[in-house]
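Structure first, then comments.
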Amino acid sequence: MKLTILGGGGFRVPLVYGALLGDRAEGRVTHVVLHDLDAERLSAVTRVLAEQAADVPDAPEVTATTDLDEALTGADFVFSAIRVGGLEGRADDERVALAEGVLGQETVGAGGIAYGLRTVPVAVDIAQRVARLAPDAWVINFTNPAGLVTEAMSRHLGDRVIGICDSPVGLGRRIARVLGVANPGEAWIDYVGLNHLGWVRGLCVAGRDELPRLLADRDLLGSFEEGKLFGVDWLQSLGAIPNEYLHYYYFNREAVRAYQQAEKTRGAFLKDQQAQFYEEMRRPDAHALKAWDRTRAEREATYMSENRETAGAGERDADDLSGGYEKVALALMRAIARDERTTLILNVRNKGTLSVLDTEAVIEVPCLVDANGAHPVVVDPLPDHATGLVCAVKAVEREVLAAAEAHSRATAVKAFALHPLVDSVNVARRLVEGYTAVHPGLGYLK
């Protein structure tokens, strides 16, 4: 089975390949094709993968190419993890937004809109090529903003594109762990929303919802990441556990101030950090896997550090530094390729799951997965406060898609202005001016 990884020179590709090395069953991936526009980055990641596979018999073959059509032809699965504009583009997204006093995070607020406007045209082109060159392939999208990009691709691929994210998985795992659930995989997580905008409303084990027990115990509730990040009082008021990215909404002023005061934005930090890694990989004698693992550990430990500092949450728990999206990707591929039915929290078309959104809207909910793809599970309606936020952000996503399709600068301004974290039409206009000035890829907006 052939797996094509788009963004194959990306830093987290070894996580995916490492997960594949542990899969010894029939119908497993036997050939991995890495595609990237940067041949030097491809070479560096290929070296890491070679060291990972050194002592693994029958490890999946790895090839690399800068030719997109060659990479896609004959693929069974396509894993999309591209970053249009690279980390330099992410750093610019943050800088332009913060200069206007609004959030520049890569998936939330102004930064997420800018990233989406750059990425959607590229993702649509990929989707159209997949439909032509590998019509039977399943596309697993991890490219951010994941929900928005998955929806853009679904207009050309239908249900054969599925978005994944590790945030809901990590949240469910932390809740199960703090509740003492022996086997977190057996817990049913009632999670619903959009990508990076969802809430856990229940965690059922053997038919019993254990979340009320957590919400009632202040010591227990304050003992894990989200309790420290949001505060016990706020979680008890909500009656749910929000995805960590909702910290940007609930504590927006504090988050913006922390990012403005930081020595470096997250994007700038990762750009410099990864530049050092790829520079090290230019040396023929460099230990690729060791260098990658050291850099990855630093990356994970500093994740959302500004938010945790604002909340006084302290250092990130060691159990939360192991990633997770590669496990979701592998579980999804297994379920489809082998009809190994499972339940995963995924980004899929709504199909009436949330009545406040239309059927084509991509949402993030538990899904039953089998050989025919991912099927969203019926969920209870969201409370009013969550419904309002979900509908507002989905409306913004639709304006981003419309702006990309029509090449409309006015529609792009509308997208920024309608976002809950952008508080002025004039700010929205200046954001579009700022982003089009620094991003050649937004030159299509007229």
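Of all heavy-atom pairs between C367 and P376, the closest is SG-CA, 3.8 Å. Contact between A335 and T342 at its shortest, heavy atoms only, is CB-CG2, 3.7 Å. Taking both residues in full, the closest heavy atoms of L72 and I126 are given as CD1-O, 4.4 Å, listed atom of the first, atom of the second, then distance. Minimum heavy-atom separation, A412 to L117: CB-CD1, 4.1 Å. Taking all atoms of both residues into account, the shortest heavy-atom contact from V328 to C165 is CG2-O, 4.4 Å. Shown here for P14 and V48, the closest heavy-atom pair between the two residues is CG-CG1, 3.7 Å.
T65 and H35 are not linked by any side-chain donor-acceptor pair at a separation below 3.5 angstrom, with hydrogens and angles left out of the test. Between the side chains of Y259 and Y248, at least one donor N or O sits under 3.5 Å from an acceptor N or O. N252 and H247 form no side-chain donor-acceptor contact under 3.5 Å, judged by distance and modelled atom types alone. Between the side chains of T359 and N350, no donor-acceptor pair of N or O atoms lies under 3.5 Å.
Annotation: the span from E326 atom CD to L15 atom CG amounts to 4.5 Å, rounded to 0.5 Å. We find the CG-CG distance between L211 and L221 to be 8.5 Å, quoted to the nearest 0.5 Å. To the nearest 0.5 Å, atoms CG (D358) and NZ (K394) are separated by 8.0 Å. A distance of 12.5 Å separates CD in E298 from CG in D293, rounded to the nearest 0.5 Å. The NZ atom of K2 lies 8.5 Å from the CG atom of D76; values are rounded to the nearest 0.5 Å. One finds the CZ atom of F416 at 5.0 Å from the CD1 atom of I113 (value rounded to the nearest 0.5 Å).
In this structure a side-chain-to-backbone donor-acceptor pair under 3.5 Å is missing from Y249 to L389. The backbone N or O of P145 sits nowhere less than 3.5 Å from a side-chain atom of E106 that would complete a donor-acceptor pair. Between the side chain of Q260 and the backbone N or O of L98 there is at least one donor-acceptor pair closer than 3.5 Å. Between the side chain of N243 and the main chain of L246, no donor-acceptor pair closer than 3.5 Å is present. When atom types are taken as modelled, the side chain of H419 and the backbone of L421 share a donor-acceptor pair closer than 3.5 angstrom. Put simply, the side chain of S154 gets close to the backbone of E151: a donor and an acceptor are under 3.5 Å apart. Side-chain atoms of T387 come within 3.5 Å of backbone atoms of P383 as a donor-acceptor pair (strictly under, hydrogens ignored). For T411 (side chain) and E399 (main-chain N/O), no donor-acceptor pair under 3.5 Å exists by modelled atom type. A donor-acceptor pair is defined here as one N or O able to donate and one able to accept, closer than 3.5 Å; such a pair exists between the side chain of E51 and the backbone of A288. In this structure a side-chain-to-backbone donor-acceptor pair under 3.5 Å is missing from E100 to V102.
Residues N347 and I162 fail the side-chain proximity criterion, which asks for heavy atoms closer than 4.5 Å. At least one side-chain heavy atom of D93 sits under 4.5 Å from a side-chain heavy atom of Y435. Looking only at side-chain heavy atoms (C-beta outward), R177 and P184 stay at 4.5 Å or farther from each other. Residues I345 and V365 form no side-chain contact, since every pair of their non-hydrogen atoms from C-beta on lies 4.5 Å or further apart. L6 is not listed as a side-chain neighbour of T143, based on a closest heavy-atom distance of 4.5 Å or more. Inter-residue side-chain proximity for V362 and R349 is flagged as met; some heavy-atom pair is nearer than 4.5 Å. Inter-residue side-chain proximity for T295 and Q276 is flagged as unmet; no heavy-atom pair is nearer than 4.5 Å. A 4.5 Å side-chain heavy-atom check between D23 and V29 finds every atom pair outside the cut-off.
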| said: Pair M153, N141 - check side-chain contact (heavy atoms from CB on, under 4.5 Å), show working. | reply: CA-CA 9 Å; M153 298 181 83; N141 178 60; 4.3 Å; yes
If you apply the rule side-chain contact (heavy atoms from CB on, under 4.5 Å), what do you find for Y115 with N144, and how did you get there?
CA-CA 8 Å; Y115 191 22; N144 278 324; 3.7 Å; yes
So L42 and D38, side-chain contact (heavy atoms from CB on, under 4.5 Å) or not? Walk me through it. CA-CA 6 Å; L42 273 178; D38 189 325; over 6 Å; no
- prompt: Does the side-chain contact (heavy atoms from CB on, under 4.5 Å) test come out yes or no for R409 and E433, once each step is laid out?
  reply: CA-CA 10 Å; R409 188 183 187 97; E433 291 173 2; 3.8 Å; yes
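In this structure, E94 pairs ionically with R90, as a charged nitrogen and a carboxylate oxygen lie closer than 4.0 Å. Between E225 and R174 there is no salt bridge, since no side-chain nitrogen of the basic residue lies less than 4.0 Å from a carboxylate oxygen of the acidic one. A salt bridge links R201 with D190: the closest approach of a Lys/Arg side-chain nitrogen to an acidic carboxylate oxygen falls below 4.0 angstrom. Taking a cutoff of 4.0 Å between a charged side-chain nitrogen and a carboxylate oxygen, R218 and D233 qualify as a salt bridge. D166 and R173 are not joined by a salt bridge, as no carboxylate oxygen comes within less than 4.0 angstrom of a charged side-chain nitrogen. Using a cut-off of 4.0 Å between Lys/Arg side-chain N and Asp/Glu carboxylate O, K351 and E360 are scored as not salt-bridged. Taking a cutoff of 4.0 Å between a charged side-chain nitrogen and a carboxylate oxygen, E88 and R83 do not qualify as a salt bridge. One finds a salt bridge joining E280 and R294 here, because a Lys/Arg side-chain nitrogen approaches an Asp/Glu carboxylate oxygen to under 4.0 Å.
Residue Q128 qualifies as enclosed at atom CD: its count of foreign heavy atoms under 6.0 Å is above 12. The environment of CG in D67 is crowded: more than 12 heavy-atom neighbours from other residues, nucleotides or ligands sit within 6.0 Å. The local environment of NE2 in H407 is crowded, with over 12 non-hydrogen atoms from other residues, nucleotides or ligands closer than 6.0 Å. Other residues, nucleotides and ligands contribute over 12 non-hydrogen atoms within 6.0 Å of the NZ atom of K264.
If you look at W199 and Y191, their ring centroids are not closer than 6.0 Å.
Between Y245 and H196, the two ring planes are parallel [angle under 30°; tilted spans 30° to 60°]. Classification of the F79-Y325 ring pair by plane angle, with boundaries at 30° and 60°, yields parallel.
Under the rule for a side chain to side chain donor-acceptor pair (under 3.5 Å), T73 has no partner lying at least two apart in sequence or in another chain.
Remark: R41 qualifies as a cation-pi partner of Y278 under the 6.0 Å distance and 45° angle criteria applied to the six-membered ring.
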